[in-house]
Amino acid sequence: WGDSSRKTSLEILQKLSHNSTKLPALSEESIDRHFYVLAMFPYPSGKLHMGHVRVYTISDAIARHSNITFTTVTHPMGWDAFGLPAENAAIDRGLNPALWTKENIDNMRTTLKSMLLDIDWDKEFATCDPEFYRWTQFLFLQLWKRGLVYQKEAEVNWDPIDKTVLANEQVDKNGCSWRSGAKIEKRKLKQWFIRISKFSESLLQNLDLLENWPEKVKQMQRNWIGKSIGAEFTFSTEINGSEFKIPVFTSRPDTIFGVSYIAISKNHQLASERNFSKEKAEEIKEFIKKIDSFKGINETNSKLGIDTGLFAKHPLDPNRKIPIFIANYVLSDYGSGAVMGVPAHDQRDYDFAISNSLNNFASVIESGSGEKVEIPFCDKGILIKNSQNGIFGGLSSEEASERILEKCIQSGSGLKKTQYKLRDWLVSRQRYWGTPIPFIHCADCGPVPVPDSDLPVKLPLDIQLSQRGGNVLDTLDDWKKVECPSCGKQAKRETDTMDTFVDSSWYYFRFLDHKNNNLPFDPQIIQKDMPVDIYIGGIEHSILHLLYSRFLTKSIQTDGKFKFYSSKNDAQAEHEHFQTLEQSSLGKSEPFLSLLTQDPKTERFLHPSELEFTSGSNETPIVTYEKMSKSKHNGVDPESVISQYGADVTRLYMLFKAPPQDVLEYDTKSIVGIHRWVLKLTRIINTIKPKFKPIKDMKELADREDWSKENNEIYKLTQTSIKMATEVFEKNYSFNTVIASLMTLSNNISSTLETRNLDELHPSVIYAMDCLLIILSPMAPSVSEELFERLHATDKEYKGSIFAYKWPKVDETGFLSEMKTCVVQVNGKTKMTLEVETELFNDKSLLLDKLSSHSEVKAVLLNKKTGTPLDIIKTIVVP
Ligand code: ANZ
Ligand code: ZN
């Protein structure tokens, strides 16, 4: 089983493809379309955990079901194999990360296979394979050619004892290094960025197209992109006799007369030493050193500031002197890195004012209801009629905002401004185990891209990782020394590697064309085989991974070589192509399934406002996730569960315990119940097997009028299961409800079998078991295959595998089982009474159809003399 089962069933399908199926109602042809089922590929941490088992069971059930319905299905598997854990494990064990990773992949592949996943293993790759990262580098250079990659100084965590850069995860909550214990310093290093911010608006807009994404995920992405509409006002000050402009971004222009100070970030141009006296400059330096020693500043921490001694001029009230502070709560890379402080109407400004003794501030907005409000009053309202607000007093916040902005635009001190929280993607990592950034630094030419023909820039494997961390590539002089591709002089290779989110932002394309030696993938193949129809993975990837992959898809569509056309509209304007692919690259139906207990603490990396306040790189949360998922699932080990109960029972247990969107507690208590149920199915099959007669035609089941109540009930339950299963497999994936309905059906069958003489095995039972096993087959492939084969052992037309049979089709009439008496009158005279299904009374035309096709009714509607049918002038139905 496992991968071999797929081949068997495919081969059989090919052989038998157009023979009409003999099973009841299974005659629908396959849908001639490619179906792409993708589960987020795992990080090869060493062992599969129950979270993996759950995701891959879900994707496998969907893939196996689509194999019954669609002509081609892609269900691939790969490994998100770069990243810090491998490097750390390698340091601890003295192994090369490549070896450690390979061993882990081998182990995890074995476990995945033992789960009987129907995966296209021939498409497997790891992101650390040079044949894969060659193309990651290629795409990176494509982005560079489009102006979407640049270098900029950015702050990093610097360990002064180990003399190395640390990731945020390696700094503890006191701001000390995990290894050396040294207090971390902030250092500025030139780092590589991807200009994702250029796509802020389209990344936001196109969320509306993703109809089949959970609203929660879309909302998280909206918050992350964080669009804010407001204004930029220009305050100004004087430095050495000349004017120095200080633009500030505000979402509340109406509060401009409530400004009591200006706060700038420590990196603001104005904060530079040369603007101050020696003493002041020294004081400022000390202050910055102090605020740098905090690891992250969050909103509950105290808001610290230092008075620069400078004053700013108000754009609308030039006579006011407004003190300028450097403050730790002002972000360098949001807006213009400066804030107009309005303590009476903003909580953060209020906190800052209180802790810096700026007590003399005025309220300029009131609620409008006349009630006294608490300070700070942060809602919009009415501008108070006072000397500060002047002519704007009495206006609503909205109106005042417009009028104030107009006035400032006229005087050249204001503009309309839209701001996004989304920042450029910092992709540099000072680490060994990642895709090398393909650049060469030349003293004369600057950073020069490695020519495509020299890709991949391979990671050297013969290395000695240091206990101290840091980037070992930096120490490899031979590897670093290289000729400048542009001028031929001696130059130095870039030693930073990429964030692993770069690898995972495009891997889903590669699966569709994994052997391509000329390109990352052939656009025509992508055009044909995308979208990913369903993408399954953990909620923890709702923001970064999905945003980065949406970005990558968009960015490569903007150039000829990678222009994709949607298969639906090929003659469309370019911007529409990525709309279609947009949806596509990330799946269609409910792709994000929550897999982890959502501990309020884990929201740390899900909530934008908090990331906003952690300084340094936006280090990938995947590490945190790995740590977390391990600790969450380590109570139950998949391998031991599978070896004790078998793959199918484990799979059914996973699917039965909770619908995919819900949190699942991994206890194994209820697995016993599933195990018993599988044994019960075996008993039923063994009981009915000797009397089995295949159902050749659905017609055998059409006339159920003289069936017993029990058999009608079985037929009805079968229809219920088919209907529910069809919906679940195509729409909401709540497999638990399907399993529950199959349990009801099997219970019913086994109690009927107990009370009945089996000499005549009723067709309703055979039909029910055929359907039950087919519905079960995507979820429990080996059990259903085995039982189906046992049942059909004497069937001359048995197709060799359950996977060669079509999915059953609902027979709506099967639901009509309760009977009621119906009186039939012709020309006012009662002719007969008939028993008809209760539901027919709800639908006049169905009832009339049924009656007029009834032989006894037909007989009384004949002209007695001529034997020809009477003309029916009018029919009346009285419920
Ligand atoms: C004055 C004001 C008065 C503000 C008021 C708010 C309320 P959103 O909406 O999230 O975009 N701000 C601007 N630049 C900042 C920076 N670099 N670091 C920290 N805070 C900054 O937030 C916009 C508001 O955040 C701006 O509007 C500004 O404070 C602050 F009653 O300006 B406001
Ligand atoms: Zn050069």
Side-chain angles (χ1 to χ4, degrees), residues 200 222-233 235 246-271 297-299 303 305 314-315 322 325-353 361-366 373 375-381 383-384 397 400-401 404-405 414 417-423 439-451 482-493 607-615:
S200 302
R222 279 185 201 109
N223 293 343
W224 191 265
I225 296 167
K227 182 176 181 174
S228 170
I229 299 172
E232 189 177 273
F233 291 127
F235 288 68
I246 312 167
V248 299
F249 173 72
T250 179
S251 50
R252 293 288 305 275
D254 56 316
T255 64
I256 194 164
F257 295 106
V259 177
S260 70
Y261 65 92
I262 295 289
I264 59 172
S265 84
K266 61 171 189 177
N267 295 318
H268 197 278
Q269 266 196 343
L270 183 59
I297 304 146
N298 62 46
E299 295 192 61
K303 310 226 170 356
H314 192 288
I322 302 167
F325 284 75
I326 299 171
N328 67 340
Y329 79 102
V330 182
L331 305 165
S332 314
D333 51 358
Y334 188 64
S336 55
V339 172
M340 59 178 223
V342 185
H345 303 293
D346 182 89
Q347 185 68 48
R348 288 170 302 174
D349 296 350
Y350 178 82
D351 296 343
F352 181 81
F361 54 81
S363 284
V364 290
I365 312 280
E366 60 188 1
V373 294
I375 300 294
F377 174 64
C378 302
D379 294 340
K380 291 186 175 168
L383 269 71
I384 301 173
S397 285
S401 286
I404 288 169
L405 184 54
K417 185 114 191 191
T418 301
Q419 202 61 56
Y420 300 88
K421 296 233 164 52
L422 182 63
R423 297 189 210 164
F439 269 89
I440 290 165
H441 298 279
C442 168
D444 291 346
C445 315
V448 180
V450 173
V482 62
E483 259 180 24
C484 168
S486 167
C487 70
K489 286 210 195 98
Q490 210 190 78
K492 180 187 155 287
R493 222 179 249 302
H607 197 274
S609 75
E610 280 209 85
L611 265 220
E612 189 189 332
F613 281 91
T614 53
S615 49

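Keep in mind the model is a prediction, meaning the values are calculated, not measured. Whatever order the structure lists ligands and atoms in, that order sets their numbers, starting from 1.
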Enumerated ligand 1 atoms positioned under 4.0 Å from heavy atoms of Lys421: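 By the 4.0 Å cutoff, the relevant atoms are 8 (P), 10 (O), 11 (O).
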Considering the heavy atoms of Ser228, write down every atom of ligand 1 situated less than 4.0 Å from one of them.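 Heavy-atom distances to Ser228 below 4.0 Å select 8 (P), 9 (O), 11 (O).
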So for ligand 1, is Ser251 a polar contact partner (N or O within less than 3.5 Å, distance only)?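 Yes, since at least one N or O of Ser251 sits under 3.5 Å from an N or O of ligand 1.
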May I ask which of [options] has a heavy atom nearer to [atom] than the others do?
atom	options	answer
atom 16 (C) of ligand 1	Ile264, Val248, Leu331	Leu331
atom 33 (B) of ligand 1	Thr250, Val339, Ile229	Thr250
atom 17 (N) of ligand 1	Tyr329, Tyr350, Tyr334	Tyr334

How would you list, by chain and number, every residue that makes a salt bridge (Lys or Arg N to Asp or Glu O under 4.0 Å) with Lys492, sequence neighbours excluded?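 Applying salt bridge (Lys or Arg N to Asp or Glu O under 4.0 Å) to Lys492 gives none.
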For Lys380, enumerate each residue passing the salt bridge (Lys or Arg N to Asp or Glu O under 4.0 Å) test, keeping only those at least two apart in sequence or located in another chain.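 Expected list: none.
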Would Met340 count as a contact residue for ligand 1, given that I'm defining contact as a non-hydrogen atom of the residue lying under 4.0 Å from a ligand atom?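 Right, Met340 reaches ligand 1.
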Taking [X] for its side chain and [Y] for its backbone only, find out whether a donor-acceptor pair lies under 3.5 Å.
X	Y	value
His345	Val364	yes
Arg252	Cys378	yes
Ser260	Phe361	no

How many protein N, O or S atoms are found at a distance of less than 2.8 Å from the Zn ion (ligand 2)?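 The number of such protein atoms is 4.
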Location of contacts on Arg348 toward ligand 1, heavy atoms closer than 4.0 Å: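 Under 4.0 Å from ligand 1, Arg348 contributes side-chain atoms alone.
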Under-4.0 Å heavy-atom contact with ligand 1, by part of Thr255 that carries it: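 It is the side chain that touches ligand 1; the backbone stays farther off.
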Do the ring planes of Tyr334 and Phe249 sit parallel (below 30°), tilted (30 to 60°) or perpendicular (above 60°)?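 Taking Phe249 first and then Tyr334, their aromatic rings stand perpendicular (interplane angle over 60°).
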Take Tyr261 and Val339 through the side chain to side chain contact (heavy atoms under 4.5 Å, CB included) test and state the conclusion after the steps. CA-CA 9 Å; Tyr261 65 92; Val339 172; 5.8 Å; no
For Asp379, all residues meeting side chain to side chain contact (heavy atoms under 4.5 Å, CB included), sequence neighbours excluded: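 Partners of Asp379 under the side chain to side chain contact (heavy atoms under 4.5 Å, CB included) test: Phe377.
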Evaluate Met340 against Ile262 for side chain to side chain contact (heavy atoms under 4.5 Å, CB included), listing each step before the verdict. CA-CA 5 Å; Met340 59 178 223; Ile262 295 289; 4.1 Å; yes
Ile365 side chain near Ile384 side chain, heavy-atom distance below 4.5 Å: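 Not in contact.
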